[in-house]
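First up is the structure itself, then whatever we jot down about it.
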Amino acid sequence: MSGTFVGMPAFPRAARTAVRDTTLRGNLRHATRTIRGKRAQAVAELADWAELREAGRRIKDHTLRHLDRYLEQVEEAVTAAGGTVHWAADADEANAIVAQLVKETGESEVVKVKSMATQEIGLNEALEAEGIRAYETDLAELIVQLGRDRPSHILVPAIHRNRGEIRDIFAREMGAWGRPAPEGLTDRPAELAEAARLHLREKFLRAKVGISGANFVVAETGTLVVVESEGNGRMCLTLPETLISVVGIEKVVPTWRDLEVFLQTLPRSSTAERMNPYTSMWTGTTDGDGPRAFHLVLLDNGRTDTLADEVGRQALRCIRCSACLNVCPVYERAGGHAYGSVYPGPIGAILSPQLRGTGSEIDASLPYASSLCGACYEVCPVAIDIPEVLVHLRERVVRGGPATRDGNKVVLRPAKGHAAERAAMRAARWAFTRPGALRAGQRLASRTRRFHPRTLPGPGRAWSASRDLPAVPAEPFRDWWQRTRGGKDTDR
């Protein structure tokens, strides 16, 4: 996976800065509460939601267990339909493939459908380095691109911006990228949408190369599926002469019958709609209809390594609905940029450290970017137990141990800064396996409780800076139990 956002500190420091931004917190609070309220209503309409959720989990798990077979089936089907399949082991290889394909067309600009995979690999920056300009056509992605910003939400990348900020960005930047914003532009949503529509239309009509991702790839026919709400995706998928789709290998589903499950759960979990306004599907190429050349770039970029982890592999079930972000109390207060990745929120806290590894300071901190409240698991439409994976990754950060990196079995060293935690856990293990020592320690703590500090010293200061130390009781529980025979001698 490509590097973290340039200059990003570890999550605790980035979040500390973000929570002081009152405008950001207001934007996030309004947006996430609105989205999750509407989602709850949309999900409640289906009496069989729990069964659909379980079906989605099983389909994804089955596909991941047999991913090698289904990927070969995808390649055969796409090739038979007139497309060309390319395999990319990492971000650099994927970027090189796409850049070369664009150069072969003789074009120097492309239009793009919203795609998490291309953001993950830094495709826009890689194309720019090759003299190719990429234009984002999703409204929110356009706002992010014109503002020289970073996405902060999977579904709504510009969720951290309000209407006034968007108006200012359009008025200031649109002219440098093409058609300028209309004179006297206000912050009314209809006017902002019309400004974007006029700005993008000339690009749709001029572009000869389109780049997309895909929400799903149906293995039995080699069909790619993109769901969206604006119609820009369909313009990018049908008007250009050449279409290049960069898709993570985990996006495969075996059959059309399997796809039907996700076309019910994804729109309700993401945009709170019964179905997506635009569901575009294409299979290879067809004479006289759509692009004349189609290329599918299947992207690994850490996914095979993630698949090798029996606990962490469930993150690959993710269908990018963003429901976990909208219910997460940490995300609502810190925002997406603090995660230092295109995958923010709870899913990003378990996906990024597996795709990129835990070697960097920010990736080692992401498993701790959670209160473990479990709200993310409750709303996940494919039942990813995010708290379980967070705890699993915390153990990896603190203890190190066996893992798979770049297809090779390795032994990870513990991350820096956790020596005190490891020492405390070893001391606890020693005490809990020696009842006499544990009893003596409890009694000593009770008798000296008047002298206990309000905050922990040394490395423990970071823990107690945002938490109250629990008060030590006047009498250990075991002593109370023995004295009262379990409460039988207490007054009634």
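All heavy atoms count here, side chains included; hydrogens, waters and symmetry mates do not. Positions are given from 1, in the same order as the sequence printed here.
Under 3.5 Å, the side chains of Gln264 and Glu260 contain a donor-acceptor pair of N or O atoms. Counted by atom type alone, Asn124 and Glu136 present one or more donor-acceptor pairs between their side chains at under 3.5 Å. With hydrogens and angles left out, the side-chain atoms of Asn162 and His30 include no donor and acceptor closer than 3.5 Å. Between the side chains of Glu107 and Thr105, no donor-acceptor pair of N or O atoms lies under 3.5 Å.
Between Arg303 and Glu120 there is a salt bridge, since a side-chain N of the basic residue sits under 4.0 Å from a carboxylate O of the acidic one. A salt bridge links Arg197 with Glu194; the closest basic N to acidic carboxylate O contact falls under 4.0 Å. The residues Arg179 and Glu202 are annotated as not salt-bridged, no charged nitrogen and carboxylate oxygen being separated by less than 4.0 angstrom. Ion pairing between Arg148 and Glu173 holds under the 4.0 Å rule for side-chain N and carboxylate O. Look at Glu45 and Arg274 and you find a salt bridge, because one of the NZ, NE, NH1 or NH2 atoms lies within 4.0 Å of a carboxylate O, short of that distance. Between Glu109 and Arg206 there is a salt bridge, since at least one side-chain N of the basic residue sits less than 4.0 Å from a carboxylate O of the acidic one.
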Side-chain donor/acceptor pairs under 3.5 Å, residues 278-286, sequence neighbours excluded:
from, atom 1, to, atom 2, distance (Å)
Ser280, OG, Arg234, NE, 3.1
Ser280, OG, Arg234, NH2, 3.4
Thr283, OG1, Thr223, OG1, 2.6

Derivation of the side chain to side chain contact (heavy atoms under 4.5 Å, CB included) call for Ile350 and Ile384:
CA-CA 10 Å; Ile350 65 171; Ile384 302 171; 4.0 Å; yes
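A cation-pi arrangement is absent between Lys251 and Phe216, since the terminal nitrogen or guanidinium carbon is not both under 6.0 Å from the aromatic centre and inside a 45° cone about the axis. A cation-pi contact, defined as under 6.0 Å to the ring centre and within 45° of the axis, links Arg133 to Trp177.
Applying the side chain to side chain donor-acceptor pair (under 3.5 Å) test to pairs two or more places apart or on separate chains, those with a residue in residues 369-388 are Gln314-Glu388. Within the structure, every pair that satisfies the salt bridge (charged side-chain N to carboxylate O under 4.0 Å, His left out) test and touches residues 47-56, not counting sequence neighbours, is listed here: Glu54-Arg57, Glu54-Arg58. Every pair passing salt bridge (charged side-chain N to carboxylate O under 4.0 Å, His left out) that includes a residue from residues 304-319 is listed here, sequence neighbours excluded: Asp61-Arg317, Asp309-Arg396. Identified under the salt bridge (charged side-chain N to carboxylate O under 4.0 Å, His left out) test for residues 91-105, with sequence neighbours left out: Lys103-Glu130. Pairs passing the salt bridge (charged side-chain N to carboxylate O under 4.0 Å, His left out) check and including a residue from residues 323-349, sequence neighbours excluded, read Arg33-Glu332, Arg36-Glu332.
Phe262 has its side chain within reach of Val253: a pair of non-hydrogen atoms, C-beta onward, lies under 4.5 Å apart. Between Phe204 and Cys236 there is a side-chain heavy-atom pair separated by less than 4.5 Å. At least one side-chain heavy atom of Thr32 sits less than 4.5 Å from a side-chain heavy atom of Ile159. The shortest distance between side-chain heavy atoms of Val297 and Trp87 does not fall below 4.5 Å.
The shortest heavy-atom contact between Leu142 and Ala196 is CD2-CB, 4.0 Å. Across every non-hydrogen atom of Val246 and Ala117, the tightest pair is O-CB, 3.8 Å. When all heavy atoms of Ala99 and Ile132 are compared, the pair lying nearest together is O-CD1, 4.0 Å.
The six-membered or imidazole ring of His153 lies near that of Tyr331, with a centre-to-centre distance under 6.0 Å. Between Phe11 and Tyr368, the distance from one ring center to the other does not fall under 6.0 angstrom.
Ring geometry for Tyr70 against His66 counts as perpendicular: the plane angle is over 60°, on a 0 to 90° scale with 30° as the lower cut.
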